Structures are given as structure tokens and as C-alpha cells.
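Have a look at the structure below, then the notes.
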Amino acid sequence: MAQNEELTTEAVEAEENPTSYTSESAPAQVSEQKERPALTVPGSGVGRRKEAIARVRVVPGTGKWTINGRELDNYFPNKLHQQEVNEPFRILELEGAYDVIARIHGGGPSGQAGALRLGIARSLNEIDVDNNRATLKKAGFLTRDARVIERKKAGLKKARKAQQYSKR
């Protein structure tokens, strides 16, 4: 019996004194995300890409798109451009929460899609800076893509293409 009492005493002491140590703490309880209040504030922004300029107004609504008086799928038939334009709403989980009214001129379809995306991101940033800015900034939607087509130089065929040098 004395032997059993010693074993149980040693077992209790082993439970109290850990045999290994770690620098990791116990996982903290993750608090549930608070529901963001529905904002009923309009926003506006200007987006530019290549030669295209987009003036964008974002108004609380049902997700209706009006671009130069036309629908989104009518103005941008390419699914890639539609996806690119809708990206700021998707990343902020605000799809269908706002109506978009945009006036675009200049450039081609790709440049116009990039300009519209920047305009939408800027307007969403203006609406709620505290909640939206960090997410949009991290995704790179608030940065203007400054790449433009290089101009033709005098004496050259194109922007950089010169005549081939001939020794004779």
C-alpha cells in the first residue's frame, strides 16, 4: 500500500510540474466579426488608366450598373473585364449593395476597365475609410497604374524602332 501511495503522489506532482516548456501560448478565442452597418452614403471617384478616364458615382442600391447609359455586360462583353471591374466590391463583400453610375471616355476596353476599377475603389474608400481602406490598399486597388504608351520620337519609325545601321 505504501508503494501505491508513493506512485499516486508522484503522478499528482508530475501533472502539476510540466516536463516540457514552449513559447507558444494557448490559442486565443477569436471574436466574431461584427456586422458592418449598412451605409447609405454615396461616394464618387475618378479613375485613370492608359488614355482612359472614368468618372464614377457609387450610390446605395441593388447592384445596378450604368456605364455611359449602358449595362455592364453590354458595355464590357469580355468576362475578364467584368470580373476586373467588380473586384473591389467582391473583396469588400459588398456585391449588390451599391449602384454604379460611370462616364468613361478615351482609351480602349482594357484601359477603360482599369480606370473604372480604380474609380470604384476610390469611391468605396471615400465612403468608409476606416473599414475599406486597408483592404483596398493591400489588394492594390488604390494605386494608379502609371504605364502609358510611349510617344513616337522624331527620326524614328516608332517610339524606339530606328533604321538598321549599315556600314556600307
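Everything numeric in this text was worked out from a predicted model, so none of it was measured.
- Counting only distance, with no hydrogens or angles, the side chain of K79 and the backbone of P77 share no donor-acceptor pair below 3.5 Å.
- Taking CZ of R117 as the reference point, atom CG of L142 lies at 10.0 Å (rounded to 0.5 Å).
- When the side chains of ILVMFWY residues are joined at heavy-atom separations under 4.5 Å, either directly or via intervening members, L94 and I101 end up in two distinct hydrophobic clusters.
- Each of V59, V58, N132, V46 was compared with S123 under the side-chain contact (heavy atoms from CB on, under 4.5 Å) criterion, and only V58 meets it.
- Looking at heavy atoms from C-beta onward, Y75 lies out of side-chain contact with H81 at the 4.5 angstrom threshold.
- Here L92 contributes atom CG and R133 contributes atom CZ; the two are 12.5 Å apart, rounded to the nearest 0.5 Å.
- Atom CD of residue Q164 and atom NZ of residue K157 lie 10.5 Å apart, to the nearest 0.5 angstrom.
- Considering only heavy atoms from C-beta on, R49 comes within 4.5 Å of R147 through its side chain.
- Distance check: R55 CZ to I104 CD1 gives 10.5 Å after rounding to the nearest 0.5 Å.
- Taking the six-membered ring where the residue is Trp, Y98 and F89 present parallel rings, their angle staying beneath 30° rather than reaching 60°.
- Taking all atoms of both residues into account, the shortest heavy-atom contact from G69 to R103 is N-NH1, 4.5 Å.
- Q82 places a side-chain N or O within 3.5 Å of a backbone atom of F76 that can act as its donor or acceptor partner.
- The minimum heavy-atom distance linking A113 with V85 is given by the pair O-CG2, 3.7 Å.
- When the shell of 6.0 Å around CD of E150 is examined, it contains more than 12 heavy atoms from other residues, nucleotides or ligands.
- Taking 4.5 Å as the limit, some side-chain heavy atom of I67 sits within range of a side-chain heavy atom of L72.
- Heavy-atom minimum distance, A121 versus L136: O-CD1, 3.5 Å.
- A distance of 12.5 Å separates CD1 of I120 from OG of S44, quoted to the nearest 0.5 Å.
- Within 6.0 Å of CD on E51 lie no more than 12 heavy atoms contributed by other residues, nucleotides or ligands.
- Listed here is the closest heavy atom pair of A162 and L156: CB-CD2, 3.5 Å.
- Residues A52 and A115 approach most closely at O-CB, 3.9 Å, considering heavy atoms.
- The side-chain heavy atoms of I53 and H105, taken from C-beta on, include a pair separated by under 4.5 Å.
- In the displayed structure, K64 atom NZ is contacted under 6.0 Å by at most 12 heavy atoms of other residues, nucleotides or ligands.
- W65 and L118 fall into different hydrophobic clusters, where Ile, Leu, Val, Met, Phe, Trp and Tyr side chains are chained together by heavy-atom contacts under 4.5 Å.
- The two residues T62 and D99 come nearest to each other via the heavy atoms N-OD1, 2.9 Å.
- For the atom pair CZ of F141 and CG of N125, the computed distance is 13.0 Å after rounding to the nearest 0.5 Å.
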